[in-house]
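Since the structure comes first, as structure tokens, the remarks are kept for the end.
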Amino acid sequence: MSKIKLHVFPPSPNARMVLIAAAEAGVDAEICGVDLFTQQQKSASFLALNPNGLMPALEEGDFVLWESTAILQYLASHQRERTLWPEDAKAQADVSRWLCWRLAHWGPTCGIFTFQRMVKQLMGMGEPDAAAVAAGEETIAKLGRILDDQLRGKSFITGDRITLADIAIGAWLTYRDQAAIPVDSFSEIMRWRESLEARDAWMRYAPET
Ligand SMILES: N[C@@H](CCC(=O)N[C@@H](CS)C(=O)NCC(=O)O)C(=O)O
């Protein structure tokens, strides 16, 4: 059986979430770096894996998978206990709902802050766009309220065990401090995020400061 390879740019939240999911699921994956600064994601060899030219991608022998959510689900299907991506139809649908929410709403909104306040600076792309940041602030105020309410009375998003929902949504708060993602007023989110970041898998893939 081939070893799973994860093609990732580890500092990115989309990469960190698949690395964390592999670790939480007990999958011993090989990490293959894709340097976004040198545009490796547009190289012929990477485009052969993912024609979208975006990381992450997973490779296991002849099997190639892209889209972070699909990768999370595949990795979690290797977990012995199946708690991250439950097999029960309703429990799985509940996790799926939050994975969709992350992809459609939460990730793009957190991404406004990381792009405007970190990526632009790192890539010499100029100052943050104040209008884009203001739009992000307005949206995250609404999304943060929804997530904060969901977390009240629970350790994790869908209950008392960590699932892919926590990994996908929590990873987008990796740069809460550096990108000043405005969630500090949400006490449940802050409590939950702290508990995630204290987990072994999360500490293992914390970005270098
Ligand atoms: N929907 C894709 C998005 C992946 C994505 O946007 N990756 C970014 C980094 S977070 C990337 O590779 N950007 C390189 C580029 O835009 O050229 C997924 O969830 O896997």
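Remember, it's 1-based here, ligands and their atoms both numbered in the order they're listed. The figures that follow rest on heavy atoms only: side chains count, while hydrogens, waters and symmetry mates do not. All values derive from a computational prediction rather than experimental measurement.
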field: Beyond-backbone contact of W98 with W106, side-chain heavy atoms, under 4.5 angstrom
entry: no

task: Examine the side chains of T83 and R161 and answer whether a donor and an acceptor come within less than 3.5 Å of each other.
output: no

message: Checking one residue: M203. Which other hydrophobic residues are in its cluster under the side-chain 4.5 Å linking rule?
response: none

Using a 3.5 Å cut-off on N/O to N/O, what pairs does ligand 1 make with the protein? A line per pair would be great.
unit_1: ligand 1; atom_1: 1 (N); unit_2: E67; atom_2: OE1; d: 2.8
unit_1: ligand 1; atom_1: 1 (N); unit_2: E67; atom_2: OE2; d: 3.2
unit_1: ligand 1; atom_1: 7 (N); unit_2: M55; atom_2: O; d: 2.9
unit_1: ligand 1; atom_1: 12 (O); unit_2: M55; atom_2: N; d: 3.0
unit_1: ligand 1; atom_1: 17 (O); unit_2: Q41; atom_2: NE2; d: 2.8
unit_1: ligand 1; atom_1: 17 (O); unit_2: K42; atom_2: NZ; d: 2.9
unit_1: ligand 1; atom_1: 19 (O); unit_2: E67; atom_2: OE1; d: 3.4
unit_1: ligand 1; atom_1: 19 (O); unit_2: S68; atom_2: N; d: 3.4
unit_1: ligand 1; atom_1: 19 (O); unit_2: S68; atom_2: OG; d: 2.6
unit_1: ligand 1; atom_1: 20 (O); unit_2: S68; atom_2: N; d: 2.8

- request: Give, for atom CZ of R102 and atom CD1 of I169, the distance between the pair rounded to the nearest 0.5 Å.
  value: 8.5 Å

query: Does R82 reach the side chain of S77, with side-chain heavy atoms less than 4.5 Å apart?
result: yes

message: When you compare the side chain of W85 with that of L99, does any pair of heavy atoms fall below 4.5 Å?
response: yes

